[in-house]
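Both counts, for ligands and for their atoms, begin at 1 and track the order of listing. Because only heavy atoms are used, hydrogens play no part in the values below, and waters and symmetry mates are left out as well, while side chains stay in.
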Amino acid sequence: MEKYEKVKEILRKNGQEQLLVCYDKLDNEGKEKLLDQILNIDFEQIKKLYENTKNNKNINSNDDLIEPIDYVDESKLSPEDYKKYKEVGDNIIKEKRLAVLTLAGGQGTRLGYKGPKGKFDIGLDSHESLFELICKPLKKANKEYGVIIPWYIMTSNENNAETVEFFKENNYFGYPENEIKFFVQGEIPMVGEDGKILVNEKGFIKLAADGHGGVFKSMVKSGVLKDLNNRNVEWLVIGPVDNPLINMADPIFLGVTASKKCMAAGKSVVKANPEERVGVFCKRNKMPSVIEYTEISPEMCNLRDEKGELVFGESNVNCNLFNMKRINEVAENELPYHAAHKKADYIDKNGKLVIADKPNAYKYETFIFDAFESMETMAILRVKREEEFAPVKNAEGVDSPATSRELYKKYYNIK
Ligand code: UTP
């Protein structure tokens with residue numbers, strides 16, 4: 001009862017009394033869970049996030065100085081440089097200084113697939129899932145280098161059990177089971193347009209995944225960071241689950257980054273056209289950054305250099321490399337949250353279920369690329385789109401299972 005009174009007082013102070021609307025209907029275990037959830041909420045943080053959203057205050061101000069960023073074009077490396085970088089990268093892999101991490105906590109809303117996106121079958125005759133397709137180049141690298149690259153997989157509360165079960169059912173796709181570690185990403189409450197935190201259909205706090213930028217904090221919380229440090233891993237590649245052509249164990253990527261003494265790196269592909277809806281690498285106030293397609297002006301989109309190339313044309317494919325020293329530092333700092341206006345069903349303060357037919361709430365997410373702005377040195381490696389980029393984002397049209405499947409088949413010469 002003491003706990004209940006304490007929670008009530010906290011809620012009163014913060015004007016969030018609606019959070020106990022279903023309390024009386026819950027069993028004892030549920031009551032306890034709800035009280036703990038509330039005690040874990042950082043009300044000050046939520047208040048600030050909501051106020052920023054309401055005032056339309058974006059983290060990226062228009063006064064930012066945006067400049068193009070230097071990159072290395074892999075296809076233009078001289079044979080000597082290629083050999084030099086490959087040797088450096090080969091050694092990193094051979095000496096077990098590389099680990100990889102797959103971001104698999106997303107909801108795949110655009111794709112409209114209900115289960116974990118990694119289970120999705122892009123329609124190859126083999127019916128291999130995205131997880132299996134991503135696993136293949138890792139197994140190949142293990143064989144080539146005589147190592148087993150530790151593979152970390154970030155899931156969400158929503159899809160963790162199903163993901164783990166899927167790996168078990170498929171015998172871990174032949175990957176050594178003890179070298180795969182799953183961990184769950186963080187969550188943050190969703191907030192209504194009036195600033196009130198939402199209650200879900202079961203009477204608990206309505207939580208949503210905190211974005212792929214949450215990976216750093218979740219690595220700390222889950223013990224993954226400690227595990228990596230204990231294993232003396234020096235470099236971590238973090239990549240998405242939805243690109244079956246992703247090449248994470250890439251010696252050139254490692255070699256270029258380490259040789260240039262950079263603490264992080266990102267792979268880019270040339271923007272398909274000025275209007276392509278992708279973020280592009282840039283320098284923001286002199287630091288590495290990504291400018292989102294929603295932020296970039298039409299003039300900047302179309303700006304070309306003397307060779308006719310787009311000045312802001314290095315599309316971010318979300319395959320990034322970090323030195324572990326930097327990961328340890330980034331994990332200690334907060335990344336900025338971005339608000340997304342979403343549809344959310346919830347229980348209102350009178351205990352009535354509200355079904356959303358239009359966006360009615362805010363979801364707050366952090367993005368991995370916001371961590372770039374604290375990296376004073378970052379290498380951008382331009383790779384070939386047709387060799388490394390076949391994203392599955394939408395159910396149909398661009399970046400859909402059909403386009404991804406065709407790119408995959410073309411690259412692997414599958415009939
Ligand atoms: P996206 O945001 O592009 O894809 O995430 P999504 O979340 O799967 O799909 P939409 O936006 O709902 O349609 C890029 C990568 O980051 C992971 C995704 O699983 C994907 O691999 N991700 C995204 C997370 O791991 N956690 C998140 O909170 C968000």
Side-chain heavy-atom pair Val100, Pro150 within 4.5 angstrom cut-off:
no

Gln185 to ligand 1: N or O pair under 3.5 Å?
yes

Would you call Glu144-Lys139 a salt bridge at under 4.0 Å N-O?
no

Return the residue, atom name and 0.1 Å-rounded distance of the protein heavy atom closest to atom 21 (O) of ligand 1.
Leu103 O, 2.7 Å

Would you say the ring centers of Phe322 and Phe216 fall short of 6.0 Å from each other?
yes

Measuring from atom CZ of Phe120 to atom CG of Leu133, what distance do you get when rounded to the nearest 0.5 angstrom?
11.5 Å

For the pair Glu365 and Lys342, find out whether any cationic side-chain nitrogen is under 4.0 Å from an anionic carboxylate oxygen.
no

List every atom of ligand 1 that sits less than 4.0 Å from any heavy atom of Ala104, numbering the atoms from 1 in the order shown and giving each element.
19 (O), 25 (O)

Any N/O of Gly211 closer than 3.5 Å to an N/O of ligand 1?
yes

Judging by distance only, is a nitrogen or oxygen of Asp210 under 3.5 angstrom from one on ligand 1?
no

Both conditions, 6.0 Å and 45 degrees, for the charged tip of Lys267 above the ring of Phe253: are they met here?
yes

For the residue pair Phe369 and Phe367, is the inter-centroid distance of their aromatic rings smaller than 6.0 Å?
yes

Minimum-distance protein heavy atom relative to atom 16 (O) of ligand 1:
His212 CD2, 3.4 Å

Quick check on contacts: which atoms of ligand 1 are under 4.0 angstrom from a heavy atom of Ala209?
28 (O)

Quick test of your reading of the model: are Glu179 and Arg231 salt-bridged, counting only N-O distances below 4.0 Å?
yes

Starting from the C-alpha separation in whole Å, work towards a yes-or-no answer on side chain to side chain donor-acceptor pair (under 3.5 Å) for Glu193 and His341.
CA-CA 9 Å; Glu193 285 167 344; His341 204 199; 2.7 Å; yes

Contacting atoms of ligand 1, where contact means under 4.0 angstrom from a heavy atom of Gln107:
7 (O), 8 (O)

Element-labelled atoms of ligand 1 that are located less than 4.0 Å from some non-hydrogen atom of Lys117
4 (O), 6 (P), 8 (O), 9 (O)

If I apply the N/O under 3.5 Å rule, does Pro240 come out as touching ligand 1?
no

Distance to 0.1 Å, residue and atom name: give those for the protein heavy atom nearest to atom 23 (C) of ligand 1.
Gly106 CA, 3.7 Å

Looking at ligand 1, does any of its N/O atoms fall within less than 3.5 Å of an N/O of Leu111?
no

Ring centroid separation for His338 and Tyr364, is it under 6.0 angstrom?
no

Tyr23 ring centre to Lys31 NZ or CZ under 6.0 Å, with the angle to the axis within 45°?
yes

Is Gly108 close to ligand 1, meaning an N/O of one under 3.5 Å from an N/O of the other?
yes

Just need the protein heavy atom nearest to atom 25 (O) of ligand 1, so name the residue and atom and give the distance.
Gly105 N, 2.8 Å

Ligand 1 versus Ser156: contacting region, heavy-atom distance under 4.0 Å:
neither

List the closest protein heavy-atom neighbour of atom 12 (O) of ligand 1: residue, atom name, distance to the nearest 0.1 Å.
Thr109 OG1, 2.2 Å

Show which atoms of ligand 1 fall inside a sub-4.0 Å distance from at least one heavy-atom site of Met154.
25 (O)

Contact check: Lys393 vs ligand 1, nitrogen or oxygen atoms, below 3.5 angstrom:
yes

Protein heavy-atom partner closest to atom 2 (O) of ligand 1 - residue, atom, separation in Å
Arg110 NH2, 3.9 Å

Can you classify the ring geometry of Phe167 versus Trp151 as parallel (below 30°), tilted (30 to 60°) or perpendicular (above 60°)?
perpendicular

